[in-house]
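Step one of this worksheet: look at the structure below.
Please read these numbers as outputs of a predicted model, since none were measured by experiment. Just so we're on the same page: letters track the sequence lines, and every chain starts at 1. Just the heavy atoms: all of them, side chains too, but no hydrogens, waters or symmetry mates, feed the values below.
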2 protein chains.
Amino acid sequence: MDTSLSRDPIAEAQRNWEEHGWGDAAASMAAITAIMRTQQILLARIETTLKPFGLTFARYELLALLSFARKGSLPMNKASALLQVHPTSITNAVDRLERAGLVERSRHPTDGRTTLIELTAAGRTLAKRSTAALNAGVFSAPGFDAGDVDQLIRILGAFRRNAGDFQD
Amino acid sequence: MDTSLSRDPIAEAQRNWEEHGWGDAAASMAAITAIMRTQQILLARIETTLKPFGLTFARYELLALLSFARKGSLPMNKASALLQVHPTSITNAVDRLERAGLVERSRHPTDGRTTLIELTAAGRTLAKRSTAALNAGVFSAPGFDAGDVDQLIRILGAFRRNAGDFQD
DNA sequence: TGAATATACTAGGACATCCAACGTTTGGTG
DNA sequence: CACCAAACGTTGGATGTCCTAGTATATTCA
């Protein structure tokens, strides 16, 4: 699993693409494959950092989102929209967080369809601690060269806007 | 699930980070979150394109890798190393591809521990067709701005090298 | 007002990924 | 030559994601 190869397998795939006459798609294929692999590496680091807290990244994201909510609570459909995942993924995450005593479900006062999620005291504490750990262990030194972080934010921001994630 | 937000939720998260005094980690957090989301968008497009062929991206990657192998066959541990996924993921993919008649397992002639994977004729045909579909539907127009593809390859290549993916 | 439509959440299933543990085969070492 | 550590693949379990379908509640409109 964690063996270092002598050559970049993605660059190798790009060469294969070019040799087969798919030169117009080769570079994009390489970029997309690199995004896939980078996501995998980063996710593994994040999960390792969160493991001591009993959290996964999916659950952490929800916890962090709730900790920034002004009212301290959020409808499940809002969480689904903001985290940009399927509603059933939110249900799954809330189930586990609730079982761990970190959040609680409550009925919406006026709309009987919606369920509100709210942090418990334990949830709020864990959100702070795990965020500090992620900042220290991953975000403050992610391994990108200087200046590249801003490039990534720009490039991927444009891509996500093109993909319809947001208007702005 | 596919609702367009008025504002970029990742930029919003970055602002939250900065307001809480985590300015040194805010930009990296935003870049990493953007990578996660971009991967999700691209994977969804790829899976949609592959669905008519009865393939998932994981199975396609293995199929494509085999189609480039000189001998037409590859040990499972090689596939695991080149695709950079856990050996059990290869076992899973080969199980399904074999059941679909696209690949076959065979014993290594000299080393009794290793298993070789080989494309069937049907597998080779499907690899070609699905690659053409991906090139046409995703890779040839991925939605990145001009010049950004090369930037991505450079930035993510450096990251992966730092992460120990390859020497080069 | 009452029926049709839309929205919100949940249940069940398919798929992929990882980890831990296991059995088999190799190959180096005493 | 025998033994044991290492390598290889598989099984079983946990997690997350998505999809489809179903139930309950709101909203719209005839």
Side-chain angles (χ1 to χ4, degrees), chain A residues 1-3 36-37 39-51 53-63 73-100 103 105-117, chain B residues 1-3 36-37 39-48 50-51 53-63 74-81 83-100 103-117:
Chain A
M1 177 67 217
D2 33 88
T3 52
M36 300 286 180
R37 175 57 185 157
Q39 187 266 353
Q40 191 182 28
I41 294 169
L42 289 169
L43 183 60
R45 283 190 199 164
I46 291 172
E47 299 274 14
T48 299
T49 303
L50 290 175
K51 198 174 190 69
F53 300 95
L55 291 175
T56 62
F57 188 46
R59 299 179 212 168
Y60 167 78
E61 277 193 298
L62 184 52
L63 222 52
S73 70
L74 219 55
M76 296 193 56
N77 64 336
K78 276 280 182 201
S80 171
L82 291 171
L83 295 181
Q84 299 174 285
V85 295
H86 201 275
T88 54
S89 296
I90 301 293
T91 296
N92 186 319
V94 171
D95 282 350
R96 296 170 195 280
L97 287 172
E98 194 170 32
R99 224 175 297 153
V103 307
R105 280 181 168 93
S106 64
R107 308 187 60 80
H108 190 287
T110 67
D111 190 334
R113 294 170 300 181
T114 70
T115 302
L116 297 176
I117 330 166
Chain B
M1 178 67 217
D2 33 86
T3 51
M36 301 284 178
R37 174 59 184 157
Q39 187 266 353
Q40 189 181 27
I41 293 169
L42 290 169
L43 183 59
R45 284 190 198 164
I46 291 171
E47 299 274 15
T48 299
L50 290 176
K51 199 176 188 68
F53 300 95
L55 290 176
T56 62
F57 187 47
R59 297 177 214 170
Y60 166 78
E61 278 193 296
L62 185 51
L63 222 54
L74 217 55
M76 296 193 59
N77 64 336
K78 276 281 182 200
S80 172
L83 296 180
Q84 299 175 285
V85 296
H86 201 276
T88 54
S89 297
I90 302 292
T91 295
N92 187 317
V94 172
D95 283 350
R96 297 172 193 279
L97 288 172
E98 195 170 30
R99 224 175 297 154
V103 306
E104 277 175 357
R105 280 181 169 92
S106 63
R107 307 187 60 79
H108 189 286
T110 65
D111 191 333
R113 292 170 300 182
T114 72
T115 302
L116 296 177
I117 331 166

Expressed in angstrom and rounded to an integer, what is the separation of B:Asn92 atom CG from D:dG13 atom P? 16 Å
Figure out the NE2/P separation between A:His86 and C:dT7, and round it to whole Å. 15 Å
A:Asp95 CG to D:dT17 P: how many Å, rounded? 13 Å
Whole-Å distance between C:dT17 P and B:Gln84 CD? 13 Å
N/O donor-acceptor pair under 3.5 Å between A:Gln84 side chain and B:Gln40 backbone: no
B:Glu104: partners by salt bridge (charged side-chain N to carboxylate O under 4.0 Å, His left out), with sequence neighbours left out: none
Nearest-Å distance for atom pair CZ/P, residues A:Arg105 and C:dA8: 16 Å
For D:dC18, does the base pair up with any side-chain atom of A:Ser89 as donor and acceptor (N or O, under 3.5 Å, distance only)? no
Report yes if a side-chain nitrogen or oxygen of B:Gln40 is closer than 4.0 Å to either non-bridging phosphate oxygen (OP1 or OP2) of D:dC18; otherwise report no. yes
What is the distance, rounded to the nearest whole Å, between atom CZ of B:Arg45 and atom C1' of D:dC18? 17 Å
Is the side chain of A:Ser80 donor-acceptor paired with the backbone N or O of A:Met76 at a distance under 3.5 Å, no angle test? no
From CZ of A:Arg37 over to P of C:dT17, roughly how many Å is that when rounded to an integer? 12 Å
Is the phosphate of D:dT10, meaning OP1 or OP2, less than 4.0 Å from a side-chain N or O of B:Thr88? no
Contact list for DNA chain C against residues 106-115 of chain A - heavy-atom distance below 4.0 Å: A:Arg113, A:Thr114, A:Thr115
When you measure from the side-chain N and O atoms of B:Arg59 to the phosphate of C:dA16, is any distance below 4.0 Å, counting only OP1 and OP2? yes
